[in-house]
Q: 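Here it is, the structure, as structure tokens.
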Amino acid sequence: MAKFAKKKDGDLPAVSTASLPDIVFMLLFFFMTVTTMKDSSIMVENTLPNASETKKLEKKDRIIYIFAGKPTQEYQKVYGTETRIQLNDKFANVNEVGSYILAERAKKPQQLQNVLTTALKVDKGANMGLISDIKQELRKVNALKVNYTTFEGDAFNNLQ
């Protein structure tokens with residue numbers, strides 16, 4: 001006589017992992033396509049001032065950034081505590097701003113070159129003389145569309 005084994009009631013079937021590599025690679029490709037790399041690291045202190053009338057810039061590909069402020073702690077040993085200009089990942093002088101704008105403009109597609117905006121991210125402790133010098137250099141290269149990047153808030157808080 002044959003013996004029949006009784007089936008156990010509580011066992012779950014094994015999970016198939018055959019499609020797991022496909023799922024992992026699909027997620028990898030998704031994150032590779034949607035993730036953007038950071039253009040530059042900020043090497044200056046950048047406490048932005050407050051402003052009551054603000055407008056958000058929509059198209060980030062049409063913006064050229066110029067940072068100004070005191071160097072951060074790690075750069076103060078080399079560059080001091082005076083307000084400096086940062087263009088991409090290096091400190092620059094005022095007379096280098098024009099050539100930087102022209103070089104960044106040349107990197108953009110032809111249809112965007114006339115609609116570029118120069119965004120000044122200036123620390124609220126920076127002196128206005130440096131900002132005026134930057135604006136003079138921007139005028140020389142016909143970069144007349146200038147934006148001051150700020151936080152939305154009460155402008156009277158900047159006086160403190």
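Atom set for the values below is all heavy atoms of this structure, side chains included, hydrogens, waters and symmetry mates excluded. Here, residue 1 is the first one in the sequence, and each next residue gets the next number.
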Q: Heavy-atom count around Lys135 NZ within 6.0 Å, excluding the residue itself: above 12?
A: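 No, not enclosed.
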
Q: To the nearest 0.5 Å, tell me how far Leu57 CG sits from Lys59 NZ.
A: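 It is 12.0 Å, given to the nearest 0.5 Å.
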
Q: Has Glu53 got more than 12 heavy atoms of other residues, nucleotides or ligands less than 6.0 Å from its CD?
A: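 Result for CD/Glu53: open.
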
Q: Anything under 30° is parallel, anything over 60° is perpendicular, the rest tilted; go ahead and classify Tyr75 against Tyr79.
A: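 Taking Tyr79 first and then Tyr75, their aromatic rings sit tilted (interplane angle of 30° to 60°).
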
Q: Establish whether Phe31 and Met26 are linked, either directly or via other cluster members, by ILVMFWY side-chain heavy-atom contacts under 4.5 Å.
A: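 Phe31 does not cluster with Met26.
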
Q: Do Val115 and Ile66 land in one hydrophobic cluster if side-chain heavy atoms of ILVMFWY residues count as linked below 4.5 Å?
A: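 In one cluster with Val115: Ile66, no.
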
Q: Atom CD1 of Ile131 and atom OH of Tyr148: how far apart are they, to the nearest 0.5 Å?
A: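 Rounded to the nearest 0.5 Å, the CD1-OH separation comes out at 6.5 Å.
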
Q: Determine whether Ile134 and Leu120 make a side-chain contact, defined as any pair of heavy atoms from C-beta on separated by less than 4.5 Å.
A: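 Yes - at least one pair of side-chain heavy atoms lies under 4.5 Å apart.
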
Q: Are Arg84 and Glu45 close enough for a salt bridge, meaning some N to O gap below 4.0 Å?
A: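 Salt bridge absent between Arg84 and Glu45.
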
Q: So, the side chain of Gln113 versus the backbone of Arg105: is there a donor-acceptor pair under 3.5 Å, distance only?
A: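 Judged by distance alone, yes, a pair lies under 3.5 Å.
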
Q: Any chance you could measure Met128, atom CE, to Asp133, atom CG, to the nearest 0.5 Å?
A: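 Interatomic distance, Met128 CE to Asp133 CG, rounded to 0.5 Å: 10.0 Å.
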
Q: So, for Ala155 and Ala51, which heavy atoms are closest and what is the spacing to 0.1 Å?
A: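 Smallest interatomic distance, heavy atoms only, reads CB-CA, 4.5 Å.
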
Q: Between atom CG of Leu102 and atom CG of Asn142, what is the distance when rounded to the nearest 0.5 Å?
A: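 Between Leu102 CG and Asn142 CG, I get 10.0 Å after rounding to 0.5 Å.
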
Q: Work out which heavy atom in Pro49 is nearest to a heavy atom in Thr149; give both atom names and the distance.
A: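 Pro49 and Thr149 have their closest heavy atoms at CD-O, 4.3 Å.
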
Q: Taking C-beta and beyond as the side chain, do Pro21 and Val24 meet within less than 4.5 Å on heavy atoms?
A: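 Of all side-chain heavy-atom pairs linking Val24 with Pro21, none is under 4.5 Å.
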
Q: We want to know whether Tyr100 and Asn88 form a side-chain donor-acceptor pair, criterion being a heavy-atom distance below 3.5 angstrom.
A: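 Short answer, yes.
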
Q: How close do Asn46 and Val122 get, heavy atom to heavy atom, and via which atoms?
A: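 Scanning both residues, the minimum pair turns out to be ND2-N, 4.4 Å.
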
Q: Measure the shortest side-chain to side-chain distance between Leu87 and Ile85 over non-hydrogen atoms and say whether it is less than 4.5 angstrom.
A: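 A side-chain contact under 4.5 Å exists here.
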
Q: Atom CG of Asn114 and atom NZ of Lys145: how far apart are they, to the nearest 0.5 Å?
A: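 Result: 10.5 Å between the selected atoms.
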
Q: Between Leu144 and Leu138, is there a side-chain heavy-atom distance shorter than 4.5 Å?
A: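 Side chain of Leu138 against side chain of Leu144, heavy atoms only: no contact under 4.5 Å found.
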
Q: Is Leu130 linked to Val97 within one hydrophobic cluster, defined over Ile, Leu, Val, Met, Phe, Trp and Tyr using a side-chain heavy-atom separation of less than 4.5 Å?
A: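 Leu130 and Val97: one cluster.
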
Q: Measure from the side-chain N and O atoms of Thr35 to the backbone N and O of Met32, and report whether any donor-acceptor pair falls under 3.5 Å.
A: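 No, Thr35 side chain to Met32 backbone: no donor-acceptor pair under 3.5 Å.
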
Q: Would you say Gln86's side chain and Ser41's backbone share a donor-acceptor pair under 3.5 angstrom?
A: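 Yes; judged by distance alone, with no hydrogens or angles, the pair exists.
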
Q: Please determine whether residues Leu116 and Ile63 belong to a single hydrophobic cluster, defined as Ile, Leu, Val, Met, Phe, Trp and Tyr linked transitively by side-chain heavy-atom distances below 4.5 Å.
A: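 Unlinked, Leu116 and Ile63 end up in two clusters.
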
Q: Is there a side-chain contact between Asn157 and Asn50, using heavy atoms and a 4.5 Å cut-off?
A: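 A side-chain contact exists here, since the closest heavy-atom pair is under 4.5 Å.
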
Q: Supply the atom-to-atom distance Glu137 CD to Asn95 CG, rounded to the nearest 0.5 angstrom.
A: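 Glu137 CD to Asn95 CG: 6.5 Å, rounded to 0.5 Å.
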
Q: Would a hydrophobic clustering, with Ile, Leu, Val, Met, Phe, Trp and Tyr connected at side-chain separations under 4.5 Å, put Val94 with Val44?
A: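 No.
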
Q: Give a yes or no answer on whether the side chain of Thr33 reaches the backbone of Phe30 with a donor-acceptor pair at less than 3.5 Å.
A: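 Side chain of Thr33 to backbone of Phe30: a pair is present.
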
Q: Kindly say whether Ile64 contributes a backbone atom to a donor-acceptor pair with the side chain of Glu104 at under 3.5 angstrom?
A: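 Such a contact is absent between Glu104 side chain and Ile64 backbone.
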
Q: Quick one: does Asn147's side chain get under 4.5 Å of Thr118's, heavy atoms only?
A: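 Side-chain contact under 4.5 Å: no.
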
